[in-house]
Every structure is written in C-alpha cells, then in structure tokens.
Novice: 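First the structure, which I've put down as structure tokens, then a few questions once you've had a look.
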Number of protein chains: 2
Amino acid sequence: MGIPERKAREKEQRRRDIIQTAERVFLAKGLKKATMDDVAEAAELSKGTLYLYFKNKEELYAAVILQGVKVLRSMFEAAVDSAQSGIEKVRAIGRAYADFHKEHPDYFDAVLYYQTQTFDSSGRDSLVAACNSQSDETIGVIAEALKAGISDGTIRNDIDPSKAAVVLWGQTTGIMQLASRKGNEIRDWHHLNPEDVISGYFDLVEYGLKAE
Amino acid sequence: MGIPERKAREKEQRRRDIIQTAERVFLAKGLKKATMDDVAEAAELSKGTLYLYFKNKEELYAAVILQGVKVLRSMFEAAVDSAQSGIEKVRAIGRAYADFHKEHPDYFDAVLYYQTQTFDSSGRDSLVAACNSQSDETIGVIAEALKAGISDGTIRNDIDPSKAAVVLWGQTTGIMQLASRKGNEIRDWHHLNPEDVISGYFDLVEYGLKAE
DNA sequence: ATATTTAATGACTAATGGTCATTTTTTAAA
DNA sequence: TTTAAAAAATGACCATTAGTCATTAAATAT
C-alpha cells in the first residue's frame, strides 16, 4: 500500500510549492497589496485550490513570516558566535537586528506584522505556532548570551536572563519599529538621526546590563 | 458679509460632529471592523458626505488616534507632576503608560496603530500631522523628566535627554506592544507573567538611567 | 469497463472603500 | 417674490478582493 504515502508526499510537496510562490509574491508586492489571485496565478493554480491547502490568507502570511523569523534567528546566532564576551554578544545581537532591518526590509516588515497581530486559536500544527516556536528560540538565543555574560562577569549577576531576554526582545523591536516607521518624524520633529537613536539605545542597554 | 463666516463655522462644526461620531463607532466596533457605512449611519449622513469632509477612512482613524494620543500625553503630564525626583518621574511615566493600556485599551490600540503605520504625504494641516505634533509633545514630557533628573542628580548627567526620550518612547511602546499582543505566548512559552516583564523592564531602565 | 474517491476549478457572493451624476438646499440677483 | 447660481448632500453605483461551492476532471479501486 504505497499509494496513500505517495499521495501524502505529493500533497505536502504542493503545499511547499504554494508557500514558496506565496513568499515570492508577498515579498514582491508587499503583504497587503498582494492578492490571493496574484498568488494563485503565480502558482499556476486556481484560487479555490489555495483554500484547500490554507485556511485563509493569514495562514499564507504566516508562512512568509516564518521564513523571516528563521532568518532573524540565524543572524542572531551568528552574531552570538562572532563575539567573545557576554556583553559583546548582546551588543552583536542588537547590531544583527539592525542589519536584518537593512538587509531584509521585507522580512522585517513581515516579522513586525507578526509582532503586531494577535493570532487567535492558532492550531498547534499551524504556521503561526511555528512562528511562535521560532520566536521562542530567538529569545532563547538572547537568554544564552545573557547567561554567558553573567558567567564571564561582563553582565551583572542580579538580572534574570530569561526575563531580561524577553524584555530586550520587546524593547528592541519597539526601537526598530520606531526607526523604521517614524524615521522622518524623528528627523523633522526631533532633529535626530534614526541611526543615532538606535545606537543611543544600544548604549543605554549596555549601561543597564554591564557589571561593575 | 457674515454669511461666509457662518457657513465656515457650520462646516467646521459638522466636521467635529463627524469626528465625534466616528470615534464612538470605531472604539465600539474596533478600528478594522467598523465600516464607513457604519459611521455614516451613526452620523445620520450619507457616506458620500463623509468623503466631502475627510479624504479617506484613514483620516477618520487619525481623528480617533489623536484623541488617544492626547489622553496618553495628559496621563504622562499628570505622572510627572505626581513624582518628586527625576528618576521617580520617569518611572511614573512608565506606570502611566501601563495604566493607559489597562484603562483605555481602545485608545491604546489606536495609538499602536499609529506607531505601526507610515502615513505618506500627511498634509500639514491634517489630523496625522496633529498626531505627530502630540507625539512630539509627549516625547517632550519625557525629555523634561529626564532633564529634571539630571538637574536633581537622580539621573546620570552623561545622557542626552532628547535622544534618550525618543529611545524610551520607542522601547516602552515595544514592551507594551509585546505584553498586549503576545501575553499568551509569553505565558505559554516563557512561563512569565506579562506584568512581570513590564516591571522587569522598568527596573532595567531605572538601572540604566540612575546616577551613582 | 465502471464506480468511487480525491483533487481542482472558476464562476459566484458578500463586504466594503471610494466615486460621481443627480437632487436638494441655500444664497444671490432681478 | 421669483428666478438663477452656487454649495451641500445624496445614494446608486463601481472596483476590488477574500472566501465559497456546485461542478468537472483525474486518480484509484472494483
């Protein structure tokens, strides 16, 4: 009885194909502007078929977001590996986030979209759940850097690495969002360069974490 | 020639009425779910008339957002006045943001929407520009608190109050956004209470700013 | 060769932001 | 007061698009 297995494989493959096409279309036209018809045409399938494989448009968004979060996580990991001391690792992570924004603006927008939304009742095997899992791991990378810093004495030992990792994740996203969305306002109203705001943020974080 | 003046007054009044109605409708149904037809019906006007007074739906959103930002700013001001030392003022602002989220969740969502969007070519007299102005003043309140802290010696004097105010605004928004949108994930994946994350954040900020 | 199950289709619906020719109301002129 | 011109308001209409479902096509089993 190898036929059911083969069919399951084919179905899974088709699903993957759709995701890949959707990612191309969404990143090219922007999450909001790309329509399901666009995706269907690019995938050389009817729109109805898309809905056989994905509950709705948001599920397809989630697939793109997932790729973005994965890229971000891997950049964080590379950053951690590139630095020696714990405090340097943390700063490297910050720089990695800024690089991510610069090098992958589309993915950045996707990840920001994920951060902004509340996805209700995300089935356990859904793509949204996978995004949550990736986010968790990403925060885990931060936590590891903090722990390394506490071990090597470059980060004060009275902070809770797990909690601080979540805090850093949230506040850094806030800063990147501000720089990305309100860069012009920052310049016009506050006469500040967004880059300077970001580096000022890094300085403040470092000061808040550093031992001694 | 008093007629043009009277007509201008009436037009302005009608505009105000529409804004007030729109605010009621948007806050009741949620920004996304409320339709222009809803607003038109509530305002006892035809939909076409709405578009005589506002360019599009986003302009009406902006009116609601403006109210929200005004409330937030006034809460910040009250917080600053309630505290003595500079560092206490900063913490009070943080608490005020958390209270704003709790007491005015609809306005909080509106402000968050504003923070997330990039409004292109916002005419100088538009509501979006007014939001920008309010944001500017809100950040100004933070900057004043920081300056007070530097003066009274409770905040270290090597920070740039203007820059740090923007940084605080951005990162605090990020934390509030995380707590608001990903509270469940924080609980499920990291076994942390969002409230604890927020207070942990406040602690970290205080440590980063405090003198001595 | 036929029946059954599975996969795919695309015409259709519903919702909604936005428009515009037409109507109503107000003001100015005769 | 009557009529013409200007301003304000209307709502039927359009375009877009997410999502559905009866129908068709393809694959599999009998």
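Chain A is the first sequence line, chain B the second, and so forth, proteins listed ahead of strands; every chain is numbered from 1.
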Novice: Take the protein atom CZ of B/F54 and the nucleotide atom C1' of D/dA9, then report the distance between them rounded to whole Å.
Specialist: 16 Å

Novice: Which of parallel (below 30°), tilted (30 to 60°) and perpendicular (above 60°) describes B/Y61 and B/Y113?
Specialist: perpendicular

Novice: Rounded to the nearest Å, what distance is computed from the CG atom of residue B/L50 to the P atom of nucleotide D/dA9?
Specialist: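 In whole Å, D/dA9 P lies 11 Å from B/L50 CG.
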
Novice: Which distance, rounded to the nearest 0.5 Å, do you find between the OG1 of A/T49 and the CD of A/E44?
Specialist: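 Between A/T49 OG1 and A/E44 CD, I get 12.5 Å after rounding to 0.5 Å.
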
Novice: Roughly, in whole Å, what's the span from CG in B/L52 to C1' in C/dC20?
Specialist: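 Rounding to the nearest Å, CG of B/L52 and C1' of C/dC20 are 11 Å apart.
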
Novice: Between C/dA8, D/dA9, C/dT19, which nucleotide gets closest to the side-chain atoms of B/Y51?
Specialist: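 Of the options given, the side chain of B/Y51 lies nearest C/dT19.
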
Novice: Considering every strand and a 4.0 Å limit on heavy-atom distances, what is the contact class for B/Y53: base, sugar-phosphate, or nothing?
Specialist: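 B/Y53: backbone/sugar contact only, no base atoms under 4.0 Å.
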
Novice: Ignoring the backbone of B/K47, work out which of C/dA7, C/dG18, D/dA9 is nearest its side chain.
Specialist: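 Of the candidates, C/dG18 comes closest.
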
Novice: Round to the nearest Å and state the distance from A/D38 atom CG to D/dT16 atom C1'.
Specialist: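 About 11 Å, once rounded to whole Å.
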
Novice: Can you tell me how far P of C/dA8 sits from CD of A/Q13, to the nearest Å?
Specialist: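 To the nearest whole Å, that distance equals 13 Å.
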
Novice: Between B/R14 and A/E10, which residue's closest nucleotide on DNA chain D lies nearer the 5′ terminus?
Specialist: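 Comparing both residues, the 5'-ward one is B/R14.
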
Novice: Calculate, to the nearest 0.5 Å, the distance between atoms CD1 and CG belonging to B/I186 and B/D196 respectively.
Specialist: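 Answer rounded to 0.5 Å: 10.5 Å.
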
Novice: Does the side chain of B/T49 get closer than 4.0 angstrom to OP1 or OP2 of D/dA9 through an N or O atom?
Specialist: no

Novice: Return the nearest nucleotide to the side chain of A/S46; candidates are D/dA18, C/dG17, C/dA8.
Specialist: C/dA8

Novice: Remember a base hit wins even if backbone is also touched, and classify A/L45 as base, sugar-phosphate or nothing at under 4.0 Å, heavy atoms.
Specialist: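 Sugar-phosphate contact only - A/L45 comes under 4.0 Å of backbone atoms but never of a base.
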
Novice: Tell me whether the side-chain N/O atoms of A/K57 come closer than 4.0 Å to OP1 or OP2 in D/dT17.
Specialist: no

Novice: Just the rounded figure in Å: distance from C1' of C/dC12 to CG of A/D37.
Specialist: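 About 13 Å, once rounded to whole Å.
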
Novice: Which is it for B/R24 and B/D38 under the salt bridge (Lys or Arg N to Asp or Glu O under 4.0 Å) test, yes or no, and what are the steps along the way?
Specialist: CA-CA 11 Å; B/R24 218 174 56 234; B/D38 290 337; over 6 Å; no

Novice: Please report, rounded to the nearest Å, how far the C1' atom of D/dA18 is from the CG atom of A/L31.
Specialist: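 About 16 Å, once rounded to whole Å.
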
Novice: Starting from P on D/dG11, measure out to CD on B/E44 and report it in whole angstrom.
Specialist: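 Taking CD of B/E44 and P of D/dG11, I get 13 Å after rounding.
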
Novice: Does B/T35 place a side-chain N or O at less than 4.0 Å from the phosphate oxygens OP1/OP2 of C/dT16?
Specialist: no

Novice: Is the positively charged end of B/K182 above the ring of A/Y114, judged by distance under 6.0 angstrom from the centroid and angle within 45° of the axis?
Specialist: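 Yes, cation above the ring, under 6.0 Å and within 45°.
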
